[in-house]
There are 2 protein chains.
Amino acid sequence: MKKKSTIYDVAKKAGVSPSTVSRVMNAPEIVAENTRQKVASAVKELSYIPNMIAANMPRKRTNYIGLIIPDITNIFFSNLVRGVQDVCEKYGYSVLVVNSDDSQEKEGRYLKLLYSRRVDGVILTVAGYQEEEFPEEELSLLKKMNIVLIDREINGMTAPIVKVNNFGGAYSAVKYLLKMGHKKILHLAGIEGTKTNQERRGGYLSALIESHINWKKELNADFRLDAAYQKIMNYWPQIKNSDELPTAIFAANDLMAIGALKAFTQLKVQVPEEVSIIGFDNIPFSDCTHPPLTTIAQPTYLMGQRAVETLINLISKKRIKKFIELETELIERDSVSRREV
Amino acid sequence: MKKKSTIYDVAKKAGVSPSTVSRVMNAPEIVAENTRQKVASAVKELSYIPNMIAANMPRKRTNYIGLIIPDITNIFFSNLVRGVQDVCEKYGYSVLVVNSDDSQEKEGRYLKLLYSRRVDGVILTVAGYQEEEFPEEELSLLKKMNIVLIDREINGMTAPIVKVNNFGGAYSAVKYLLKMGHKKILHLAGIEGTKTNQERRGGYLSALIESHINWKKELNADFRLDAAYQKIMNYWPQIKNSDELPTAIFAANDLMAIGALKAFTQLKVQVPEEVSIIGFDNIPFSDCTHPPLTTIAQPTYLMGQRAVETLINLISKKRIKKFIELETELIERDSVSRREV
DNA sequence: TGTTATTATGAAATCGATATCAGAAAGCGA
DNA sequence: TCGCTTTCTGATATCGATTTCATAATAACA
């Protein structure tokens, strides 16, 4: 591996000062055509590529942003990540993605890492499992950095947030089921600690109350496919043939809806003839299930984009909106059918 | 935002030199218990977190690795990314992930970016669409960096590679179809330029030849779900009722298999009664399709892990295996049925 | 007790860029 | 031609760590 060439090498070869080389690399228009050419050819000859590490120091910015999500293998997040990456790319930022696995401890560790790496800002999906109060150390770190929250709010923090109208989405999902004639609607709920889940649960309950429906039932599956699968496998046989049997399910995300679908296939329960299911998220493949899943679509890619835009404005101290709430959309497919009585 | 404290601040507060603080942070065992304590409490008091940017310069390493994949929203890669991240985390590296969208031009640009950011090494899934010869500039960049290839080989480059036995996997998939009595097997192929696709195609052809089957047919869908869907939607009606009609399909990846499945649902063609389908990859959700997809499993997470381990050994100049080929596994589910002629 | 190792610390150079400031050269109006 | 901008370039300090080398203090040994 041959030695990397530096700005000094280029300067020497071109017969100019390092400052001039720096100018040619960063603001070519302010240097005379003539010198610019000389430098350019020296750059090419040495195949010089500037060392951004060195550049970052005096500049006091890295053009990195950190992205903390629960888990990249959770398909919900990959579109979001891509949205973040694409906008970053456009503005010359790079993204450092880490997985908190919804653990507060990991979240804290990564925040420290990101700080240590001096990222210009962080986009954070707060970890779901909150052991206790927000630790002091983490909170003070958060205050030192440019932060934009995404997807989940966090009590006692006033960072800008980009989220989806979870309440409204859930509300419209349940309203839709009611409109289709369902009166016994089970709720497959997500991680209890998360604001997201609380809001969706709120939408569920509000829609029921508004329609004077007293029947309600919740099963918790932490937003996870296999947990939902297990819960249904356990629960359904118990209530089969009783009047506890729901005619519809509102799942707080598609993953759980798909888990339920899988369980029903195995239990030989027909969807939507025997139970209707509606999900939340509209993840990829939710249109490839059998039957294709009716769901509430979230604009995940857009969320990622908005979050970065906000963050970049925050970094460059422009005016920003503190609260961006995107709307959901009902996607009618085939997992919900009309139920008479 | 209050001023960040530096190693000098800590040194002053603790009444020692910056060198000593540096030692406490990096090799505490070589400094006297007494001074270590003084420094530690100064660190805590100022809540000092070292600036890794500054540290990287004299050290000449960044503890970053770059990861170039075609597209993070392609679900096949998320497990791989996670494998990379988890091992990196263990060894104190951070990962910079970028999407080439299978474009050679983007790949080149990102390589340059990664070089500029002075990552310690790069894990690269070579872009599928190769316009022409590998550009000189990119090649010389590759030679300057520590590179580990993943998934796809590249002609005329001798970097270590971690891949899957594509030939063997495809071969066993087609052998399995033959064993189930199928004699007309269509191949849904991926991006032609990729070695991966060539190998899988090779496995398909070899299995046929070995069984003295002359019937063959290929449709190309670039590894993409929607392309596969379209191809089937166009092709099937044309050949319906002719003896061109295949009884089974070997798709070069699950995405295309799922696209085909979707088309067949729409065309009211029963799977597996009328056509059997076998995929490749075993992506998440391939067990949630209808019917659950029989497929060839790739150990993607493991591939990511192996790639990083190799890269880290390469970086630290340890001995490495130049060629790591992982085995596939046939996952029998319900999309293939026996066919008695 | 004098000599040599060992351990613990500090001083100063260094990594490779940027940024500030100053000065030379060129352009321009009177 | 003189003075004043404007344009272009270079010298030098700086960012915040690490690293090398030197030295003081202490321990070990003959």
Side-chain angles (χ1 to χ4, degrees), chain A residues 2-40 42-43 46-64 92 112-113 115-120 144, chain B residues 2-40 42-43 46-64 92 112-113 115-120 144:
Chain A
K2 59 182 162 187
K3 201 169 164 324
K4 300 177 172 76
S5 41
T6 73
I7 202 169
Y8 299 99
D9 302 328
V10 177
K12 188 184 255 179
K13 169 143 281 182
V16 298
S17 76
S19 325
T20 300
V21 178
S22 174
R23 287 185 192 107
V24 172
M25 302 306 287
N26 298 300
E29 66 280 3
I30 67 166
V31 17
E33 175 63 22
N34 180 16
T35 22
R36 200 191 314 164
Q37 300 258 318
K38 280 192 301 185
V39 172
V43 164
L46 297 170
S47 53
Y48 166 68
I49 298 179
N51 181 336
M52 280 183 77
I53 303 295
N56 287 335
M57 270 235 277
R59 263 199 203 132
K60 294 190 168 299
R61 0 192 325 218
T62 55
N63 278 46
Y64 265 110
K112 201 161 164 183
L113 172 74
Y115 182 79
S116 165
R117 290 211 181 266
R118 297 295 190 269
V119 299
D120 296 336
K144 283 192 207 157
Chain B
K2 59 183 162 186
K3 201 170 165 326
K4 298 177 172 76
S5 41
T6 73
I7 202 169
Y8 299 100
D9 303 328
V10 177
K12 187 184 254 180
K13 169 144 282 183
V16 299
S17 77
S19 328
T20 300
V21 177
S22 173
R23 288 184 192 108
V24 173
M25 301 306 287
N26 299 300
E29 66 280 3
I30 67 166
V31 16
E33 175 64 21
N34 180 17
T35 21
R36 200 191 314 164
Q37 300 258 316
K38 278 192 302 185
V39 172
V43 164
L46 297 171
S47 53
Y48 167 68
I49 298 179
N51 182 336
M52 280 183 78
I53 303 294
N56 287 334
M57 270 235 277
R59 259 197 205 136
K60 294 189 167 302
R61 0 191 327 217
T62 54
N63 278 45
Y64 264 110
K112 202 161 162 182
L113 172 74
Y115 183 79
S116 165
R117 290 209 180 267
R118 296 294 191 269
V119 299
D120 297 335
K144 283 192 208 158

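Every chain is numbered from 1 and lettered A, B, ... according to where its sequence line falls, protein lines coming before strand lines.
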Exercise. I would like to know whether A/Thr20 and A/Lys38 meet side chain to side chain contact (heavy atoms under 4.5 Å, CB included); could you show each step before the answer?
Key: CA-CA 11 Å; A/Thr20 300; A/Lys38 280 192 301 185; over 6 Å; no
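- For the pair A/Ile30 CD1 and D/dT7 P, the interatomic distance rounds to 11 Å; values are reported in whole Å.
- Atom CG in A/Asn63 sits about 14 Å away from atom C1' in C/dA17, given to the nearest Å.
- Side-chain nitrogen and oxygen atoms of A/Thr35 include at least one within less than 4.0 Å of the OP1 or OP2 phosphate oxygen of D/dT9.
- The distance from atom CZ of A/Arg61 to atom P of D/dC15 is 18 Å, rounded to the nearest whole Å.
- Following rounding to the nearest Å, B/Asp9 (CG) and D/dC15 (C1') show an atom-to-atom distance of 13 Å.
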Quiz item: Going through the checks in order, is the side chain to side chain contact (heavy atoms under 4.5 Å, CB included) test met by B/Val21 and B/Val16?
Solution: CA-CA 7 Å; B/Val21 177; B/Val16 299; 3.9 Å; yes
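- The number of heavy atoms from other shown groups lying within 6.0 Å of NZ (A/Lys12) does not exceed 12.
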Atom pairs, protein N/O to nucleotides 18-22 of chain D N/O, distance under 3.5 Å:
from: D/dT18; atom 1: OP1; to: B/Asn26; atom 2: ND2; distance (Å): 2.6
from: D/dT18; atom 1: OP1; to: B/Arg59; atom 2: NH2; distance (Å): 3.3
from: D/dT18; atom 1: OP2; to: B/Ser22; atom 2: OG; distance (Å): 2.2
from: D/dT19; atom 1: O4; to: B/Ser19; atom 2: OG; distance (Å): 3.4

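- Listed nucleotides: D/dG16, D/dT9, D/dA17. Nearest to the side chain of B/Tyr48: D/dA17.
- Figure legend: cation-pi geometry between A/Arg117 and A/Tyr115 absent, as NZ or CZ is not positioned both under 6.0 Å from the six-membered ring centre and within 45° of its axis.
- The separation between A/Arg117 atom CZ and D/dC15 atom P is 23 Å, rounded to whole Å.
- Rounded to a whole Å, the NZ atom of A/Lys4 is 13 Å from the C1' atom of C/dG16.
- Computed from coordinates, the B/Leu46 CG to D/dG16 P distance equals 14 Å when rounded to whole Å.
- Within the structure, a side-chain polar atom (N or O) of A/Ser17 is placed less than 4.0 Å from OP1 or OP2 of D/dG10.
- The backbone N or O of B/Arg61 lies less than 3.5 Å from no partner atom in the side chain of B/Asp120, so there is not a single donor-acceptor pair.
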Exercise. Apply side chain to side chain contact (heavy atoms under 4.5 Å, CB included) to the pair B/Ser47 and A/Lys144, showing each step before the final yes or no.
Key: CA-CA 11 Å; B/Ser47 53; A/Lys144 283 192 207 157; 3.4 Å; yes
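- Residues B/Val16 and A/Met52 each lie close to DNA chain C; by heavy-atom proximity, the contact nearer the 5' end of the strand is made by B/Val16.
- Closest approach to the A/Lys60 side chain among D/dC15, C/dA17, D/dA11 is made by D/dC15 (side chain taken as heavy atoms from C-beta onward).
- Regarding B/Asn51, its CG atom lies at a distance of 7 Å from the P atom of D/dG16, rounded to whole Å.
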Exercise. Tell me, with the steps shown, if B/Val43 and B/Met25 meet side chain to side chain contact (heavy atoms under 4.5 Å, CB included).
Key: CA-CA 9 Å; B/Val43 164; B/Met25 301 306 287; 4.1 Å; yes
